Enquirer: 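Dumping the structure here so I can ask a few things about it.
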Amino acid sequence: MPEFDTDSKLAQEYKYGFYTDIEQETIPKGLSEDVVRIISAKKEEPEWMLEWRLKAYRRWLKMSEPRWAYLDYPKIDYQDIHYFSAPKKQEEGQEMDPELLKTFERLGIPMNEREALSGVAMDVVFDSVSVGTTHTELLEKEGIIFCSISEAIQKHPDLVKQYLGTVVPPSDNFFAALNSAVFTDGSFCFIPKGVRCPMELSTYFRINAADTGQFERTLIVCEDDAYCSYLEGCTAPARDNNQLHAAVVEIVALNNAEVKYSTVQNWYAGDENGKGGIYNFVTKRGHCRGHHSKISWTQVEVGAAITWKYPSVVMEGDYSSGEFYSVALTNKKMQADTGTKMIHVGKNTSSTIVSKGISADQSSNNYRGLVQVNPGADNARNHSACDSLLIGRECSANTFPYIESENASAVLAHEATTSSISEEQLFYLRSRGIAEEDAASLVVRGFCKDVFKQLPLEFSVEAIKLLEIKLEGSIG
Amino acid sequence: MADLEIKNLHAQIGDVKILKGVNLEINKGEVHALMGPNGSGKSTLSSVIMGHPDYEVTEGDILFMGESILEMDPEERAKAGVFLCFQYPVAVPGVSISSFLKKAVDARHPEGKAPSGPFLKEMRENMAFLEMDASFANRGLNEGFSGGEKKRMEILQMMMFKPGMVIMDETDSGLDIDALRIVSKGVNKMKNDDMGLLVITHYERILTYIKPDHLHILMEGRVVMSGGPDLVKELEEKGYDWVREQAAATA
Ligand SMILES: Nc1ncnc2c1ncn2[C@@H]1O[C@H](COP(=O)(O)OP(=O)(O)OP(=O)(O)O)[C@@H](O)[C@H]1O
Ligand SMILES: [Mg+2]
């Protein structure tokens with residue numbers, strides 16, 4: 001495995017910045033109907049799936065890239081991207097490529113079933129394909145389907161047909177249309193009626209190949225009275241070119257169902273001059289289709305050069321609820337425009353928004369959120385708290401809360417604060433023997449507490465560490 | 001040479017000169033009281049001893065255990081054994097008392113990490129001693145604390161860190177009678193030959209609980225009068241005008 005200089009400053013900060021030298025099968029750069037056909041053929045998809053993709057592609061051609069976000073980046077050349085890249089297939093019955101195994105070990109993801117983390121089932125997506133899923137048999141016993149979306153299209157076409165694109169239709173937005181045309185892999189989770197998924201379901205996304213876009217597609221369905229908790233992690237090599245990650249995640253919750261979705265996003269963010277890094281354009285939406293259903297998004301966003309992401313919940317079922325807990329950290333030249341949309345449709349629906357933005361260095365960190373109450377959504381309730389923490393004087397933070405209420409019975413509360421780490425806090429902590437950097441990270445950790453406590457314990461420990469590493473050098 | 005020596009200390013913030021030649025010597029095992037009118041520089045002196053970055057020392061020196069601490073960061077001074085009970089303790093929202101105390105105790109530990117079991121036991125015992133509810137351990141540091149609760153929190157920290165030199169900046173202000181008794185109980189429990197104490201106060205009352213060996217009076221950035229414990233009574237009767245006259249007469 002070729003090393004990038006592990007002693008370098010960058011390697012200290014971003015230990016995931018290495019790449020794996022394995023034989024990959026990559027199709028030439030560019031996007032056309034033929035490319036869509038090639039992707040579909042590589043995945044041995046049924047005809048209906050190809051038609052679905054082509055329809056999305058034709059739609060995409062008529063759309064233009066949204067530019068309303070508070071982001072500044074050069075024009076993306078969609079013909080200058082590889083739309084499919086996968087490690088060369090091993091012979092049937094052979095184990096996973098040892099280089100790949102090594103890669104995942106280095107990323108802290110044990111892939112063979114023996115060492116697999118107990119309590120967490122993993123699906124791992126490497127560039128355009130899923131390279132393995134753990135604990136599948138154990139889950140099958142419960143009737144749970146957890147596999148790559150490619151496998152689901154072949155083995156569970158009826159379920160996929162029933163739900164795919166019903167939360168985020170291909171025409172939803174430019175990036176969703178693009179994703180629908182060329183999506184490569186992602187996870188499919190199906191929890192049948194009455195089943196509480198006994199372990200965390202988790203997908204790890206790794207971009208490896210150069211100049212390759214990753215188009216993740218994930219679909220999670222919880223039937224009546226079902227529950228699952230899902231966690232997504234992502235990393236990429238440190239490269240000088242920008243790379244595109246355009247994902248669509250759809251969640252469906254039927255009556256009394258609950259889905260907790262957590263992300264720890266640590267894509268390569270570029271260097272201190274803003275060179276390189278992932279462009280992260282993501283459409284994530286949950287649909288509380290049944291009464292008393294609940295969908296909760298928790299995100300810890302510490303990577304990517306550009307983030308455009310608004311995990312949303314449409315609360316259609318009566319008494320359903322949506323939650324959004326977010327920590328978004330930007331440093332160096334990173335730009336984030338992120339937030340949520342809470343759409344109240346059913347009666348007695350409630351939503352909670354807790355957003356913590358931390359900006360350091362010359363970064364720009366923007367919260368953009370919409371709370372919409374439709375005419376029929378009697379007694380809708382929302383509570384939003386959006387706090388920004390500034391570290392240093394060159395960064396910026398903005399809050400754009402939009403409220404559209406068409407029902408007079410709605411009770412909506414919004415709070416927003418902007419603060420910086422105060423000298424007095426630092427002096428107080430330092431006077432107790434705590435070093436300056438530790439003091440600052442303690443303040444930051446306290447600031448994020450309400451979000452971190454939503455994460456599964458082991459991931460919350462990880463997230464805190466990640467934040468500390470990211471902030472080293474930005475403080476003091 | 002005294003354990004803490006403040007020699008001809010001049011300090012300013014921006015262009016405002018606040019300390020104008022403070023001299024003070026405190027040994028471990030001794031209790032010194034420091035009184036003085038509002039704005040005379042008592043809190044400034046505390047901050048400068050602790051190393052607050054906003055204050056500039058323009059003249060003089062502070063020696064602790066024979067070595068100048070002026071070049072040391074606040075955290076190094078703390079680890080050397082200096083502890084300041086703040087007049088206005090600062091809130092750090094979301095950081096629980098137990099995790100904060102652990103971090104500070106770890107920082108003092110030779111291996112950088114104190115074992116959790118004994119730490120928790122000691123914390124609970126000290127909290128019980130200070131009649132603090134056990135649930136406080138999970139609350140954010142000084143977050144929404146009443147004035148009296150904050151002061152108790154300062155004493156809890158002192159008990160956990162076992163410093164060699166303690167400066168209490170108006171720890172008695174704003175305390176009700178019971179709280180004053182509890183805080184004093186904590187201080188007296190800690191008092192021994194390995195700890196020196198500088199009690200800054202406006203009131204005689206705390207000095208009936210924590211008995212000083214010496215009293216100093218600070219005015220306009222200088223110690224203008226020092227004496228034994230009897231001076232407390234005299235000052236209470238005659239007031240600062242008398243001190244001013246005396247100081248003028250001897251100047
Ligand atoms: N940051 C600052 N900027 C300007 N002046 C300051 C600053 N800090 C302190 N001072 C001034 O220095 C003087 C001494 O203040 P200090 O807080 O040390 O007094 P004190 O003796 O502790 O008073 P009190 O008894 O009211 O607590 C005051 O005149 C105060 O206004
Ligand atoms: Mg004062």
Side-chain angles (χ1 to χ4, degrees), chain A residues 300 325-327 329 354-358 385-392 415-455 457 460-461 463-465 467-468 471 475-476, chain B residues 13 43 46-55 72-97 99-109 112 114 138-143 150 153-154 156-158 160-163 166-167 169:
Chain A
V300 176
Y325 296 95
S326 168
V327 165
L329 170 96
V354 177
S355 160
K356 306 279 180 178
I358 304 162
C386 303
D387 301 320
S388 306
L389 186 69
L390 304 175
I391 299 172
E415 301 162 34
T417 66
T418 300
S419 55
S420 40
I421 298 185
S422 82
E423 290 296 326
E424 291 314 311
Q425 281 175 325
L426 286 182
F427 177 60
Y428 185 73
L429 294 171
R430 293 175 75 190
S431 80
R432 270 46 180 152
I434 299 169
E436 187 171 13
E437 281 208 344
D438 292 343
S441 82
L442 212 52
V443 175
V444 171
R445 196 200 286 199
F447 177 75
C448 300
K449 189 190 95 190
D450 292 343
V451 174
F452 284 162
K453 73 178 183 206
Q454 298 294 329
L455 288 172
L457 185 65
S460 116
V461 173
I464 289 169
K465 264 197 248 153
L467 221 59
E468 282 173 357
L471 283 174
I475 285 164
Chain B
I13 188 158
S43 293
S46 313
S47 297
V48 172
I49 295 173
M50 203 66 245
H52 196 298
D54 284 357
Y55 296 90
M72 286 163 71
D73 284 334
E75 53 268 41
E76 292 174 52
R77 299 182 196 204
K79 285 192 272 186
V82 182
F83 183 80
L84 170 61
C85 289
F86 280 58
Q87 182 174 3
Y88 304 109
V90 182
V92 188
V95 176
S96 72
I97 285 175
S99 64
F100 156 72
L101 286 176
K102 183 66 171 43
K103 197 117 199 155
V105 167
D106 282 349
R108 287 168 169 75
H109 198 269
N138 300 320
R139 285 185 57 178
L141 179 58
N142 293 324
E143 191 180 356
K150 283 184 187 165
M153 185 57 214
E154 297 290 292
L156 174 65
Q157 294 177 50
M158 179 187 99
M160 295 300 294
F161 306 155
K162 303 175 199 67
V166 173
I167 301 135
D169 190 1

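Below, chain A is the first sequence line, B the second, and so on; all start at residue 1. Treat the numbers as computed from the prediction; the structure is a model and nothing was measured.
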Enquirer: In terms of heavy-atom pairs under 4.5 Å, which option from B:Lys79, B:Gln157, B:Glu76 contacts chain A the most?
Expert: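 When all of B:Lys79, B:Gln157, B:Glu76 are compared, B:Gln157 has the most.
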Enquirer: So which heavy atom on A:Gln425 is nearest to which on B:Ala91, and how close?
Expert: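 Result for this residue pair: NE2-O, 3.1 Å.
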Enquirer: How close do B:Ala107 and A:Gly433 get, heavy atom to heavy atom, and via which atoms?
Expert: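 Heavy atoms only, the tightest pair is CB-O, 3.2 Å.
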Enquirer: Of the listed residues (B:Phe86, B:Tyr88, B:Phe83), which shares the most heavy-atom pairs with chain A below a 4.5 Å separation?
Expert: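 When all of B:Phe86, B:Tyr88, B:Phe83 are compared, B:Phe86 has the most.
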Enquirer: Heavy-atom pairs under 4.5 Å with chain A: which of B:Leu101, B:Val95, B:Asp106 has the most?
Expert: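 Heavy-atom pair counts peak at B:Val95.
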Enquirer: Are side-chain heavy atoms of B:Leu141 and A:Leu442 found at a separation under 4.5 Å?
Expert: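 Sidechains of A:Leu442 and B:Leu141: no contact.
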Enquirer: Does any backbone or side-chain atom of B:Pro89 lie under 4.5 Å from a heavy atom of chain A? Answer side chain, backbone, both or neither.
Expert: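 Contact with chain A involves both backbone and side-chain atoms of B:Pro89.
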Enquirer: So how far is it from A:Glu424 CD to B:His52 NE2, rounded to the nearest 0.5 Å?
Expert: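 If I round to the nearest 0.5 Å, the distance is 4.0 Å.
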Enquirer: Is it the side chain or the backbone of B:Ala80 that comes within 4.5 Å of chain A heavy atoms, both, or neither?
Expert: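 Nothing of B:Ala80, per the 4.5 Å heavy-atom cut-off to chain A.
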Enquirer: Can you tell if the side chain of B:Val90 reaches within under 4.5 Å of the side chain of A:Phe427, non-hydrogen atoms only?
Expert: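 With C-beta onward as the side chain, the pair stays apart.
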Enquirer: Is any NZ, NE, NH1 or NH2 atom of the basic residue among B:Glu154 and A:Arg432 found under 4.0 Å from an Asp or Glu carboxylate oxygen of the other?
Expert: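 Counted as a salt bridge, because a side-chain N and a carboxylate O are separated by less than 4.0 Å.
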Enquirer: If you compare all heavy atoms of B:Lys103 against all heavy atoms of A:Asp438, which two are closest, and at what distance to 0.1 Å?
Expert: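 Looks like CE-CB, 4.0 Å.
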Enquirer: Under a 4.5 Å heavy-atom cut-off, does chain A meet the side chain of B:Asn142, its backbone, both or neither?
Expert: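 B:Asn142 touches chain A through side-chain heavy atoms alone.
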Enquirer: Please look at A:Phe447 and chain B and tell me whether the side chain, the backbone, both or neither of the residue comes under 4.5 angstrom of a heavy atom of that chain.
Expert: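 Backbone of A:Phe447 only, per the 4.5 Å heavy-atom cut-off to chain B.
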